[in-house]
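Here's the structure we're looking at; comments come further down.
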Amino acid sequence: MATTIDGETYLGETLVQPLSASGDITMYLWPLRCLNTKMGGPTFGIDVNGVEVIRFDPHGPGGHWHAKGYDKLGAGGSHIDFPKGVDDIERQLKWSLNHIREETKQLLEEAGYPDEAKSVDSEMLNVATYAIEPHLQKQGDLRRQAIAQGALRG
């Protein structure tokens, strides 16, 4: 699973779901990731054998996503802005989940994982992506907690 960064705050119960029968491909979710810049939101992505390949940061203004190998290229080298108009957390979350459902295999191939792309199970992918929003709702209002802790700006 993705590595946490020193100084950042992570709130809520982490969710990890398999995307392949072997369990080598997984999707993770941190319900609220508070960056050192005092902004944040949910963060989720796809790992292959423990290497983070794809990451989505629907954090509202400044939100973005990463492709072609997050661990391999680093945050700056894999950074992609959300499409124009996809600017709040809710829209970014919905866009990201739809993008994963439609493009996971292609994104894994582009990142240099063609064999792993073939092993993604479509049903497992659907189960994992459709588990994200209910899991976030179950976690409650983590933003208020983060603001009270000083991890996010109010």
Side-chain angles (χ1 to χ4, degrees), residues 1-20 22-83 86-111 113 116-117 119-143 145-146 151-152:
M1 190 177 82
T3 305
T4 58
I5 298 172
D6 286 341
E8 291 187 346
T9 302
Y10 300 80
L11 298 175
E13 181 183 333
T14 300
L15 177 69
V16 178
Q17 299 275 332
L19 299 183
S20 63
S22 67
D24 292 344
I25 305 169
T26 58
M27 177 184 283
Y28 76 90
L29 163 69
W30 293 320
L32 181 59
R33 175 175 161 235
C34 306
L35 286 69
N36 295 324
T37 59
K38 306 290 186 201
M39 64 175 276
T43 290
F44 57 96
I46 296 176
D47 295 342
V48 175
N49 292 315
V51 175
E52 189 171 17
V53 179
I54 304 163
R55 175 184 281 201
F56 291 87
D57 293 314
H59 297 169
H64 55 275
W65 64 290
H66 302 269
K68 297 187 179 166
Y70 181 83
D71 282 349
K72 178 174 62 175
L73 299 175
S78 62
H79 178 104
I80 303 170
D81 290 328
F82 283 111
V86 181
D87 49 9
D88 63 34
I89 291 174
E90 192 72 27
R91 283 187 196 132
Q92 291 170 356
L93 181 62
K94 289 192 181 307
W95 182 91
S96 300
L97 291 170
N98 286 331
H99 196 63
I100 286 178
R101 288 179 193 121
E102 296 168 5
E103 304 293 332
T104 293
K105 291 182 181 187
Q106 179 181 335
L107 291 168
L108 288 173
E109 287 174 5
E110 290 172 356
Y113 294 91
E116 291 81 354
S119 71
V120 171
D121 181 286
S122 297
E123 183 58 33
M124 293 174 106
L125 179 64
N126 277 333
V127 167
T129 57
Y130 284 106
I132 298 257
E133 289 179 293
H135 186 78
L136 289 171
Q137 290 171 356
K138 179 181 159 193
Q139 301 304 298
D141 187 3
L142 296 173
R143 292 189 77 74
Q145 181 182 345
L152 287 179

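This one's a predicted model, so the numbers in the text were calculated from it and none came from an experiment.
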Under the ring-ring contact (aromatic ring centres under 6.0 Å, His included) test, residues paired with Phe56 that sit two or more places apart: Phe44, Trp65
Worked verdict on Glu116 versus Glu109 for side-chain contact (heavy atoms from CB on, under 4.5 Å): CA-CA 8 Å; Glu116 291 81 354; Glu109 287 174 5; over 6 Å; no
Non-hydrogen side-chain atoms of [X] and [Y] separated by less than 4.5 Å:
| X | Y | result |
| --- | --- | --- |
| Leu19 | Thr26 | no |
| Ser96 | Arg55 | no |
| Arg143 | Ile89 | yes |
| Leu29 | Pro42 | yes |
| Gln17 | Met124 | no |
| Thr129 | Asn98 | no |
| Tyr113 | Ile25 | no |
| Asp47 | Asp71 | no |

Looking only at non-hydrogen atoms, find the nearest pair between [X] and [Y] and report the distance.
| X | Y | value |
| --- | --- | --- |
| Gly7 | Asn36 | O-OD1, 2.8 Å |
| Gly63 | Met39 | N-CE, 4.5 Å |
| Ala151 | Cys34 | O-CB, 3.6 Å |
| His59 | Gly41 | CD2-N, 3.1 Å |
| Leu35 | Gly40 | CD1-CA, 4.1 Å |
| Leu11 | Ala146 | CD1-CB, 3.6 Å |

Steps toward side-chain contact (heavy atoms from CB on, under 4.5 Å) verdict (Val53, Leu108): CA-CA 7 Å; Val53 179; Leu108 288 173; 4.0 Å; yes
Could you verify whether a donor N or O on one side chain and an acceptor N or O on the other, from [X] and [Y], lie under 3.5 Å apart?
| X | Y | answer |
| --- | --- | --- |
| Ser20 | Asp121 | no |
| Asp57 | His64 | yes |
| Gln106 | Glu110 | yes |
| Thr104 | His99 | no |

Kindly compute the distance separating [atom1] ([X]) from [atom2] ([Y]), expressed to the nearest 0.5 Å.
| X | Y | atom1 | atom2 | value |
| --- | --- | --- | --- | --- |
| Ile54 | Met27 | CD1 | CE | 8.0 Å |
| Asn126 | Leu97 | CG | CG | 11.0 Å |
| Leu136 | Leu93 | CG | CG | 6.0 Å |

Lys72 atom NZ, over 12 foreign heavy atoms within 6.0 Å: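 Result for NZ/Lys72: enclosed.
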Steps toward side-chain contact (heavy atoms from CB on, under 4.5 Å) verdict (Tyr28, Ile46): CA-CA 7 Å; Tyr28 76 90; Ile46 296 176; over 6 Å; no
NZ or CZ of Arg33 within 45° of Tyr10 ring axis and under 6.0 Å: no
Within 45° cone of Tyr130 ring axis and under 6.0 Å: Arg101 NZ or CZ: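 That pair qualifies as a cation-pi contact.
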Any residue meeting side chain to side chain contact (heavy atoms under 4.5 Å, CB included) with Pro83, in chain and number order, not counting sequence neighbours: Val86, Trp95
Donor-acceptor pair, side chain of Glu52 and main chain of Gly45, under 3.5 angstrom: no
Lys/Arg N to Asp/Glu carboxylate O, Glu133 vs Lys94, below 4.0 Å: yes
Leu73 vs Lys68, side-chain contact (heavy atoms from CB on, under 4.5 Å): CA-CA, chis, key distance, verdict: CA-CA 8 Å; Leu73 299 175; Lys68 297 187 179 166; 3.8 Å; yes
